[in-house]
Amino acid sequence: MTYKVAKVIVDVPSRETDRPFDYLIPDELKGWIEVGSRVGVPFGRRTVQGFVLSLHRESDMDPARMKPIQELLDLMPPLPPDLVEMAEWMSRKYACSMISALQVMIPAALKGKAERYISVAEDEGGQDALSEADAEAGNADSGSLFVVPELLTGEEEEIVAYVKAAGQVTMDHLSARFADRAGDLKGLIRRGILAETQMIKDKVRKKTVKTVSAAVSGEEAERALASFSGQARRQKEVLQFLLEVGVPLSLQEVLSTLRVTAGTVAKLAEKGFAVIEDIEVFRDPYRNRNFKGTDPLERTAEQEVVYGKVTETLDERSYGVFLLHGVTGSGKTEVYLQTIERCISLGRQAIVLVPEISLTPQMVERFKGRFGGKVAVMHSRLSTGERYDEWRKIREGRVQVAIGARSAVFAPFADLGLIVMDEEHETSYKQEETPKYHARDVAVYRAHQHNAAVILGSATPSLESYHAARSQADDNFAPLLLEMKQRPSGSHLPGVNIVDMREELRDGNRSMFSRALHEGIAARLERGEQTVLLLNRRGHSTFVMCRTCGYVAGCPECDISLTYHQKSNNLRCHYCGYAAPAPSICPECNSEHIRYFGTGTQRVEGELAKLFPGIRVIRMDVDTTTEKGSHEKLLQTFREKKGDVLLGTQMVAKGLDFPDVTLVGVIAADTALNFPDFRSAEKTFQLLTQVAGRAGRHQLPGEVFIQTYMPDHYSVIHASRHDYGSFVREELNHRRALHYPPYSRLILVTLSHEKLPLLLRMAENFAGDLRGKAQRLGWYGNLDRFAAEALDILGPVASPIPRIKNRYRFQCMVKYRGPLDAVRLVRETAADTLANLRDASLQISIDVDPQMLM
Ligand code: ADP
Ligand code: ZN
Ligand code: ZN
């Protein structure tokens with residue numbers, strides 16, 4: 001069957017181009033173009049990258065108006081058909097463009113951009129301009145259809161000859177080479193003697209190394225060696241060496257072993273005795289690391305139940321989602337390892353998702369330790385090239401396990417059997433930029449496509465997952481709940497003490513450390529044990545304030561205070577990148593009492609140094625972890641007991657397991673509770689539970705102090721008792737009463753424009769329009785009646801950050817329930833709002849199932 005037409009999604013970000021375009025498949029590409037192929041296609045006057053969505057024998061379009069695909073960019077399509085199909089689903093589910101869904105699935109290295117090339121134009125007779133110019137002496141065939149070839153000046157001829165010799169050069173190169181002859185160059189292009197073409201060029205190439213091997217053998221070699229003159233002694237040595245080794249060696253290795261020059265080897269190759277070749281290699285980010293191999297542990301009774309359920313699904317090749325609720329240290333990771341082992345033995349592949357891979361070096365270690373070279377690591381801190389190579393190992397079937405953050409869920413495995421999502425409640429699984437997808441939804445969808453299993457693991461499952469498992473009400477997402485309550489080590493969950501900081505203040509303690517935590521740290525120092533201190537990052541940032549007049553340095557374009565960066569001594573805006581030198585006097589009142597309020601962690605560090613002279617503090621926060629590998633280094637230092645205290649933000653709460661940590665302190669538990677976000681209680685509970693699980697995981701018993709100004713808050717109390725069940729019951733009651741997820745779903749719509757009155761009017765229009773539609777459909781006002789189908793719109797109100805990059809922002813919150821297609825309704829209403837306004841600078845962003853309400 002031969003296809004003549006391909007539907008292509010082009011990489012042009014606009015609403016009008018968010019649909020497939022038809023292109024002819026040229027004869028030489030027939031048989032090569034597949035669904036998921038990446039191609040270069042002409043689009044308007046440009047060449048752009050695109051992805052093939054489907055193949056057809058004919059098109060509704062006039063064939064004469066259809067343009068052919070210009071080039072195929074990879075021999076093997078970067079996207080398998082199931083991912084292409086999923087992109088269509090994502091675009092419906094998250095109201096995003098097809099191209100944004102497709103782009104998020106492939107590594108950055110493949111986001112090619114058109115590059116302009118110049119070559120000597122060919123006329124239709126197949127002759128190029130130069131040969132005609134050569135023949136210009138007047139003896140051109142008078143019967144030629146072409147006009148008499150143009151005369152070239154000497155300068156022009158030089159340029160044309162240069163391009164001809166090169167075959168093809170980039171415009172940049174050419175204009176640099178002939179910088180002083182721009183006029184000649186432009187003239188040649190204008191007259192059609194040089195032609196401009198565009199081709200897609202990738203950001204990163206496959207990496208190659210130069211290798212050398214002998215090109216002759218046996219007798220031939222004997223004769224060759226004998227024929228070398230005395231001068232060619234070094235060449236002879238090289239050839240002898242190559243013959244002895246018998247396999248291709250890297251050129252570098254030959255040069256350094258024999259201490260010869262590249263010229264010597266090149267001469268040998270010229271004579272035909274050796275070949276120098278570029279051989280493709282994989283960049284391996286873990287090449288210098290040795291992972292200690294581990295064997296499966298004998299499963300505990302609880303692990304056995306979970307293992308049995310999951311492997312049953314794997315063996316049957318059926319679809320299944322499991323919510324594994326297991327306390328910290330209950331052996332979830334061991335279950336992941338063993339179920340993956342089964343998955344691999346069945347000839348299938350597995351994906352492991354972790355919230356933020358640079359924070360979980362121990363996870364990588366455990367998977368590499370168990371599966372070695374079968375594991376590809378998709379690490380955000382890798383270079384673009386390294387990430388591309390890890391991805392290629394997956395696409396080419398060289399590995400069976402992929403471990404990584406959110407986007408690893410798109411790992412293009414051919415026969416996916418299992419997706420593990422560790423710490424499934426973490427917000428980082430939701431992408432905040434377009435496409436605003438949630439890796440959990442994507443994982444479940446992929447499992448459907450592949451008849452695969454999904455394990456969602458957590459000590460504190462998200463309320464959405466837990467409720468779905470409990471109620472079994474949603475056909476698309478009804479996980480089976482599995483629980484693990486014991487720790488195989490036999491160790492107990494640590495005792496947790498709530499410290500009322502108001503009482504400390506009443507008793508005259510103005511320090512950020514309560515007396516109990518202070519004593520605890522002192523005791524650890526004495527015994528040579530370790531302490532982890534957590535500061536909730538939310539609510540603490542480095543800003544600049546004048547103590548005389550109260551001036552706070554803010555961004556001129558966004559309504560937000562600037563963040564102080566110690567290293568560069570400047571102030572930066574988080575949202576738009578605006579930067580300015582830090583002032584030494586207040587710009588408002590000229591006072592010198594302008595101060596940098598350091599990150600919370602810096603202040604805690606200072607206080608620790610004062611209270612405990614000589615204490616060794618390892619601080620882990622955004623400032624100390626910007627460099628590649630810095631997390632790992634800091635953790636390693638702590639593990640080697642070169643630090644008494646590990647102090648940090650959320651980062652220290654994740655997946656760490658140190659035998660000598662016997663004390664965990666939370667400096668201020670409630671900073672997040674005051675946030676205007678309906679999930680703040682849930683987030684606080686999760687964080688406290690997680691950090692409390694860090695203490696006493698081994699022989700030594702652990703102790704936890706939670707300092708708070710809200711000691712009676714239910715999230716603090718239940719966390720201190722490790723009581724997930726009671727917390728969930730109480731929290732679900734609140735959610736039900738206020739119609740928040742999981743009892744409804746949300747869509748956050750943000751409108752932005754530079755002019756405030758216009759924006760306000762458009763936001764009112766949008767909300768009114770949507771409300772009207774919901775009323776006509778009989779959904780409006782149904783939330784309070786607890787009806788099966790309901791939709792309501794709150795707002796518009798100013799966004800929590802009311803201005804970013806000089807654009808004002810208003811938002812509407814859509815709450816809905818039931819099987820109605822609210823996303824489509826919102827998307828259509830947004831499109832109408834945009835269509836009714838000539839002003840193209842109005843932007844409407846749609847966030848389905850938002851995690852961040854800020
Ligand atoms: P989680 O992922 O739930 O926090 P882990 O898998 O990290 O738990 O297990 C916690 C500790 O218990 C680890 O040190 C691990 O080696 C150990 N462990 C797990 N399963 C077993 C088992 N079946 N027998 C003995 N020790 C186990
Ligand atoms: Zn001032
Ligand atoms: Zn800004």
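Whatever order the structure lists ligands and atoms in, that order sets their numbers, starting from 1. The figures here come from the full heavy-atom set of this structure, side chains too, leaving out hydrogens, waters and symmetry mates. This one's a predicted model, so the numbers in the text were calculated from it and none came from an experiment.
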Evaluate salt bridge (Lys or Arg N to Asp or Glu O under 4.0 Å) for Glu334 paired with Arg370, printing each intermediate quantity in order.
-> CA-CA 10 Å; Glu334 185 62 30; Arg370 193 68 59 90; 3.0 Å; yes

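When non-hydrogen atoms are compared, ligand 1 lies under 4.0 Å from the side chain of Pro488 (C-beta onward) but not from its backbone. Residue contacts with ligand 1, taken as heavy atom pairs separated by less than 4.0 Å, do not involve Gln362 at all.
Note: His718 and Phe685 fail the aromatic proximity criterion, with ring centroids not under 6.0 Å apart. Tyr336 has its ring centre no less than 6.0 Å from the ring centre of Phe367.
In summary, Arg679 and Glu464 engage in a salt bridge, as defined by a charged side-chain N under 4.0 Å from a carboxylate O.
For ligand 1, the atoms lying closer than 4.0 Å to a non-hydrogen atom of Thr333 are 2 (O), 6 (O), 7 (O). Taking every heavy atom of Glu334 and a limit of under 4.0 angstrom, the matching atoms of ligand 1 come to 6 (O), 19 (C), 20 (N). Atom numbering of ligand 1 starts at 1 in the shown order; those under 4.0 Å from a heavy atom of Thr300 are 23 (N). Atoms of ligand 1 found under 4.0 Å from any heavy atom of Glu298 (numbered from 1 in listed order, with element): 22 (C), 23 (N), 24 (N).
At a 3.5 angstrom cut-off on N or O pairs, Arg299 does not count as close to ligand 1. Ligand 1 has no N or O atom lying under 3.5 Å from any N or O atom of Leu297, backbone or side chain. In terms of N/O distances under 3.5 Å, ligand 1 is not approached by Ser489. In terms of N/O distances under 3.5 Å, ligand 1 is approached by Gly329.
In this structure, Arg366 is part of the shell of residues with a heavy atom less than 4.0 angstrom from ligand 1. Using a 4.0 Å heavy-atom cutoff, Ser330 is listed among the residues neighbouring ligand 1.
Remark: Arg299 is positioned above the aromatic ring of Tyr307, its terminal NZ or CZ atom under 6.0 angstrom from the ring centre and at most 45 degrees off the axis.
Here the rule is side-chain contact (heavy atoms from CB on, under 4.5 Å) with Ser330, and of Lys485, Met484, Gln303 only Met484 fits it.
Neither side chain, Gln686 nor Glu426, offers a donor N or O lying under 3.5 Å from an acceptor on the other.
Among the backbone and side-chain atoms of Cys589, an N/O/S atom is found under 2.8 Å from the Zn ion (ligand 2).
Here the straight-line distance linking atom CD1 of Ile667 with atom CG of Leu647 works out to 7.0 Å at 0.5 Å rounding. The distance from atom CD of Glu365 to atom CD of Gln362, rounded to the nearest 0.5 Å, is 6.5 Å.
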